[in-house]
Amino acid sequence: MNIVINQTFGRIGIDTTPAQISIQSPKADLEIEQIPAKMEIDKKLPQVHIDQYQCFYEAGLKNIFDLVHDEAERSKKIALDAIGKIAEDGDILASIETHQDAIVSLSEEALIQDIDFNVDLMPKSRPKIWFEGYLKINWELGGVEIKAIPHKVVISATPAHVEIYLRQYPSIKIEYIGNHVDKRI
């Protein structure tokens with residue numbers, strides 16, 4: 001007896017679709033306002049003042065007012081000295097009771113003159129020097145104002161998908177080949 005058995009195994013098929021996630025994050029809107037700083041500068045350029053008048057004054061280089069004043073003082077002193085000398089000479093001449101030769105002594109005194117020489121350095125005073133000028137800086141700080149408007153994140157998801165199907169059905173085929181069948185029971 002010959003039996004032929006043909007067997008076909010079942011086969012399955014699997015199709016998969018992976019999951020997908022999409023994330024979009026839109027940028028926030030920013031508003032930036034800048035306040036500029038302010039600076040104020042107040043200045044007076046430096047100036048150097050040099051006053052040499054006292055030095056020139058001591059050297060005899062005077063203005064007209066000082067020259068007139070000094071000459072008036074000097075003339076007044078000369079006049080007072082002369083008046084004093086005349087009065088002194090008059091007193092000497094009037095003192096006859098001392099029996100001195102007053103005229104001779106006055107003549108000798110007039111002939112002898114004391115001449116005084118001095119060596120001096122000029123000027124004795126220093127020039128007056130002073131400075132003027134300034135620099136003032138005032139600051140006013142600025143700033144920055146920032147306003148941010150955030151946006152929500154957009155998330156979209158596609159779930160994974162698995163599809164399982166039967167690609168080939170299983171089968172068993174049993175076939176008898178031959179002519180002899182035992183029909184006894």
Side-chain angles (χ1 to χ4, degrees), residues 1-73 119-185:
M1 177 164 114
N2 294 328
I3 295 174
V4 175
I5 300 172
N6 290 323
Q7 182 179 5
T8 303
F9 295 102
R11 299 175 76 185
I12 59 171
I14 299 172
D15 288 334
T16 59
T17 303
Q20 292 182 348
I21 294 177
S22 173
I23 299 173
Q24 294 178 350
S25 61
K27 295 180 181 178
D29 293 334
L30 293 178
E31 292 181 14
I32 299 173
E33 183 178 350
Q34 184 176 10
I35 301 168
K38 293 181 182 177
M39 181 176 68
E40 294 179 2
I41 299 175
D42 185 17
K43 66 178 178 178
K44 181 178 181 182
L45 294 178
Q47 294 178 345
V48 178
H49 298 278
I50 301 172
D51 184 7
Q52 294 179 313
Y53 180 72
Q54 186 64 29
C55 302
F56 292 136
Y57 178 87
E58 292 170 0
L61 302 173
K62 306 171 188 177
N63 63 25
I64 189 67
F65 301 109
D66 289 337
L67 181 63
V68 169
H69 179 267
D70 290 349
E71 289 301 318
E73 290 294 321
V119 177
D120 200 4
L121 297 175
M122 293 190 321
K124 294 180 181 177
S125 301
R126 293 183 177 182
K128 296 177 184 174
I129 300 173
W130 70 94
F131 302 94
E132 288 182 356
Y134 58 87
L135 177 64
K136 296 178 182 176
I137 300 175
N138 293 326
W139 293 90
E140 185 176 323
L141 297 178
V144 177
E145 292 183 8
I146 300 174
K147 294 179 183 175
I149 301 171
H151 296 287
K152 293 182 179 179
V153 177
V154 178
I155 300 173
S156 62
T158 304
H161 180 70
V162 178
E163 183 181 354
I164 302 172
Y165 59 95
L166 191 58
R167 178 181 272 179
Q168 182 178 353
Y169 288 95
S171 65
I172 296 176
K173 186 177 180 181
I174 302 170
E175 188 176 350
Y176 173 73
I177 302 173
N179 296 328
H180 303 291
V181 177
D182 188 6
K183 293 183 181 179
R184 295 178 290 172
I185 299 184

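Side chains are part of it too, since the values below use all heavy atoms of this structure and drop only hydrogens, waters and symmetry mates. Since this is a predicted model, take the numbers as computed values, not measurements. All residue numbers refer to positions in the sequence shown, counting from 1.
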So CD of Gln20 and OG of Ser156: to nearest 0.5 Å the spacing works out to 9.0 Å

Run the side-chain contact (heavy atoms from CB on, under 4.5 Å) test against Val153 and tell me which residues pass, sequence neighbours left out.
Ile23, Ser25, Ile155

Using the test ring pair (Phe, Tyr, Trp, His ring centres under 6.0 Å), find all partners of His49 that sit at least two apart in sequence or belong to another chain.
Trp130

Exceeds 12 heavy-atom contacts within 6.0 angstrom, atom CD of Glu132
yes

For Trp139, all residues meeting ring pair (Phe, Tyr, Trp, His ring centres under 6.0 Å), sequence neighbours excluded
none

Which residues pass the side-chain contact (heavy atoms from CB on, under 4.5 Å) test with Ile50, sequence neighbours left out?
Val48, Gln52, Pro127, Ile129

Partner residues of Asp120 under the side chain to side chain donor-acceptor pair (under 3.5 Å) criterion, sequence neighbours left out
Lys124

The reported gap from CG in Leu135 to NZ in Lys43 (rounded to nearest 0.5 angstrom) is 8.0 Å

Of all residues at least two apart in sequence or in a different chain, which pass the side chain to side chain donor-acceptor pair (under 3.5 Å) check with Tyr57?
Asp70

Partner set under side-chain contact (heavy atoms from CB on, under 4.5 Å) for Lys27, not counting sequence neighbours:
none

Please check: side-chain N/O of Tyr165 versus main-chain N/O of Asp15, any donor-acceptor pairing under 3.5 Å?
no

Apply side chain to side chain donor-acceptor pair (under 3.5 Å) to Ser125 and list each qualifying residue two or more places apart in sequence or on a separate chain.
Glu58

Side chain to side chain donor-acceptor pair (under 3.5 Å) pairs touching residues 28-38, sequence neighbours excluded, are Asp29-His151

Evaluate whether atom CG of Leu166 has more than 12 neighbouring non-hydrogen atoms of other residues, nucleotides or ligands under 6.0 angstrom away.
yes

side-chain contact (heavy atoms from CB on, under 4.5 Å) for Arg11 and Tyr169? Distances and angles first, verdict last.
CA-CA 7 Å; Arg11 299 175 76 185; Tyr169 288 95; over 6 Å; no

Considering only residues two or more places apart or on different chains, which pairs with a residue in residues 157-180 satisfy salt bridge (charged side-chain N to carboxylate O under 4.0 Å, His left out)?
none

Tyr134: what forms a side-chain contact (heavy atoms from CB on, under 4.5 Å) with it, not counting sequence neighbours?
Asp42, Lys44, Lys136

Of the non-hydrogen atoms in Ala28 and Pro150, which two are nearest, and what is the gap between them?
CB-CA, 3.8 Å

What distance do Leu67 atom CG and Leu61 atom CG have between them, rounded to the nearest 0.5 Å?
10.5 Å

Should the heavy atoms of other residues, nucleotides or ligands under 6.0 Å from CD of Gln24 be counted, would the total exceed 12?
no

Show me the pairs that pass ring pair (Phe, Tyr, Trp, His ring centres under 6.0 Å) and involve residues 13-46, at least two apart or across chains.
none

